[in-house]
Number of protein chains: 2
Amino acid sequence: MAAEMHKKIRVILADDHPVVRDGLAAMVNQQPDMEVVAEAGDGDAAVALYEQHQPDVMVLDLRMPKRDGLAVVQRVMEINPKARLLIMTTYDGDEDIFQCLSHGAKGYILKDAPRPEILSAIRAVSEDRPYTSSTVAAKALQRLAKPSLTERELDVLELVAQGRSNKDIARRLSITEGTAKTHVKSILTKLDAISRTEAVAVAHKRGLIRL
Amino acid sequence: MAAEMHKKIRVILADDHPVVRDGLAAMVNQQPDMEVVAEAGDGDAAVALYEQHQPDVMVLDLRMPKRDGLAVVQRVMEINPKARLLIMTTYDGDEDIFQCLSHGAKGYILKDAPRPEILSAIRAVSEDRPYTSSTVAAKALQRLAKPSLTERELDVLELVAQGRSNKDIARRLSITEGTAKTHVKSILTKLDAISRTEAVAVAHKRGLIRL
DNA sequence: CGCGGCCTCTCCCGGATGGGAGAGGCCGCG
DNA sequence: CGCGGCCTCTCCCATCCGGGAGAGGCCGCG
């Protein structure tokens, strides 16, 4: 039947570690129903190769040079709103998961997943079915209940995480120290933290800040 | 000639990501002069398999379940002081590098290294020659110049990083708040930080604390 | 238009934090 | 034994931080 065309699932891999790309490529190419058509080592290349090859699935690492995984998701979904993207990364902070999925990624799995799970995730996403392991999905739902930070608060949070004082933060953002304190207090409330240092710890765990 | 025995380099891979192990295994087994004899997904397995197979080289990730890479290095060097260990990880904090090398690891490379470099590192280490890329070596040397924290200071630092107050830290370590403050001040001085939050940022960057 | 969210700024105040200085007890090393 | 490092504890003090409350301006959305 026409429905049973034996056309292989065309996959692009985007990860900055050659070793990981090799591992995935070997796994994928070993399957009779899929093949790797391109590999990218950074975000810009991922976007360019997506446009060029229009694959059935693109497997994306979140942390990449030049343009991170989330930015790639956004850009690719602009180009093709029907794109099927599978996030595969080591990071399991609520924020990362939530952001990627809400921007249109179809699946999200962790790098320590066993081989069969990775392959079934690729197949699911290639058929436009969402794939998310239960633990990952649970985190995304948790995130829904938590208050989100505003743009400005994220600016401040980043500086707080670098260890800057309120005065220093104010200078760098060209606002008064009082305003910086207001933002910090708001951050503490939203993250349910008692001190700025605890706020940094919480933000880190949730994936609100990197490094 | 006897010197040209075609015995393959026997390699053990230890990494908690199946994908990475696959990638490395594929690379290694493709080489005519080396072969993977075992794979471990956690630290305990790595030690057990090392004892069992006595490989020429063991490639180790630092972050692993049950027993981290550094602990594996220590244990294996106890068992066999001539063991040839190659650390292959994503972390490039001074402290990690310094600790591993000073405990006897023969090489240290990053996961984003190109394939040829990884293979030549394995060959080098298998011949008992140290392998360290220049940037990594530079970090280890930097570390030499920096004051190191005492055990107690590391205990305190960990709690500081969790956002605990001096009073809280004191309670948990069963010391007075004054003593906790003394330790914190000493940490600030050694890490050249102005505030506890900056100290956490610096400590994180150096690999003194995890998460 | 009016409501609400966001960013900005202000004032007050108690408690936490960081800087400086000193000191006693313990332990290992030469 | 004596020195030095580490852990412990103490005192003082200026500054920073966090909690509470309020308010004006801007902008988007209904």
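Reminder, nothing fancy here: chain letters follow the sequence lines and each chain counts from 1.
- For residues 139-150 of chain B, the salt bridge (Lys or Arg N to Asp or Glu O under 4.0 Å) pairs, not counting sequence neighbours, are Asp92(B)-Lys139(B), Asp94(B)-Lys146(B), Glu95(B)-Arg143(B).
- Taking 4.0 Å as the cutoff to heavy atoms of chain A, we find the contact window on DNA chain D bounded by dC16(D) to dG20(D).
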Task: Derivation and outcome, salt bridge (charged side-chain N to carboxylate O under 4.0 Å, His left out), residues Arg67(A) and Asp44(A) - done: CA-CA 6 Å; Arg67(A) 195 194 287 253; Asp44(A) 285 344; 3.1 Å; yes
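- When only modelled atom types and interatomic distance are considered, Ser186(A) and Thr189(A) share no side-chain donor-acceptor pair under 3.5 Å.
- The stretch residues 143-156 of chain B comes close to DNA chain D through Thr150(B), Glu151(B), Arg152(B), each having a heavy atom under 4.0 Å from the strand.
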TODO: Give the intermediate values and the outcome of side chain to side chain contact (heavy atoms under 4.5 Å, CB included) for residues Val136(A) and Ile109(A).
DONE: CA-CA 7 Å; Val136(A) 168; Ile109(A) 58 176; over 6 Å; no
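- Following rounding to the nearest Å, Leu159(B) (CG) and dT17(C) (P) show an atom-to-atom distance of 13 Å.
- Under the 3.5 Å distance criterion, the side-chain polar atoms of Lys190(A) are matched with a main-chain donor or acceptor of Ser148(A).
- Put simply, the side chain of Leu208(B) reaches to within 4.5 Å of the side chain of Leu157(B), judged on heavy atoms.
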Open item on the list: With side chain to side chain contact (heavy atoms under 4.5 Å, CB included) as the criterion, how do Leu62(B) and Tyr108(B) come out once you've worked through the C-alpha distance, each side chain's angles and the decisive distance to 0.1 Å?
Closed with: CA-CA 10 Å; Leu62(B) 272 193; Tyr108(B) 196 113; 3.5 Å; yes
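- Evaluation of the salt bridge (Lys or Arg N to Asp or Glu O under 4.0 Å) test over residues 169-180 of chain A, restricted to residues two or more places apart or in two chains, returns Asp168(A)-Arg171(A), Asp168(A)-Arg172(A).
- The ring-ring contact (aromatic ring centres under 6.0 Å, His included) contacts involving residues 122-163 of chain A comprise nothing, where partners must be two or more places apart or lie in separate chains.
- Residues that satisfy the salt bridge (Lys or Arg N to Asp or Glu O under 4.0 Å) test with Arg84(A), not counting sequence neighbours, are Asp128(A).
- Looking at residues 187-211 of chain A, you'll see that no heavy atom sits under 4.0 Å from any atom of DNA chain C.
- Listed by first and then second residue, the side chain to side chain donor-acceptor pair (under 3.5 Å) pairs that reach into residues 48-60 of chain A are Tyr50(A)-Asn80(A), sequence neighbours excluded.
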- [ ] Dump the intermediate steps for side chain to side chain contact (heavy atoms under 4.5 Å, CB included) on Met88(A) and Val59(A), then the final yes or no.
- [x] CA-CA 6 Å; Met88(A) 174 175 190; Val59(A) 180; 3.8 Å; yes
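- Rounded to an integer number of Å, the gap from Lys185(B) NZ to dG20(C) C1' is 8 Å.
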Task: Nucleotide pairing, DNA chain D (Watson-Crick or G-U, distances under 3.5 Å), in dot-bracket with [ ] and | - done: ||||||||||||||||||||||||||||||
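- Here side chain to side chain donor-acceptor pair (under 3.5 Å) pairs that include residues 198-211 of chain B, with residues two or more places apart or in two chains, are Asp96(B)-Arg210(B).
- Using a 4.0 Å cut-off on heavy atoms, the residues of residues 162-176 of chain B that approach DNA chain C are Ser165(B), Asn166(B), Lys167(B), listed by number.
- Between Leu85(A) and Met77(A) there is a side-chain heavy-atom pair separated by less than 4.5 Å.
- Here salt bridge (Lys or Arg N to Asp or Glu O under 4.0 Å) pairs that include residues 114-126 of chain B, with residues two or more places apart or in two chains, are Asp22(A)-Arg115(B), Asp33(B)-Arg123(B).
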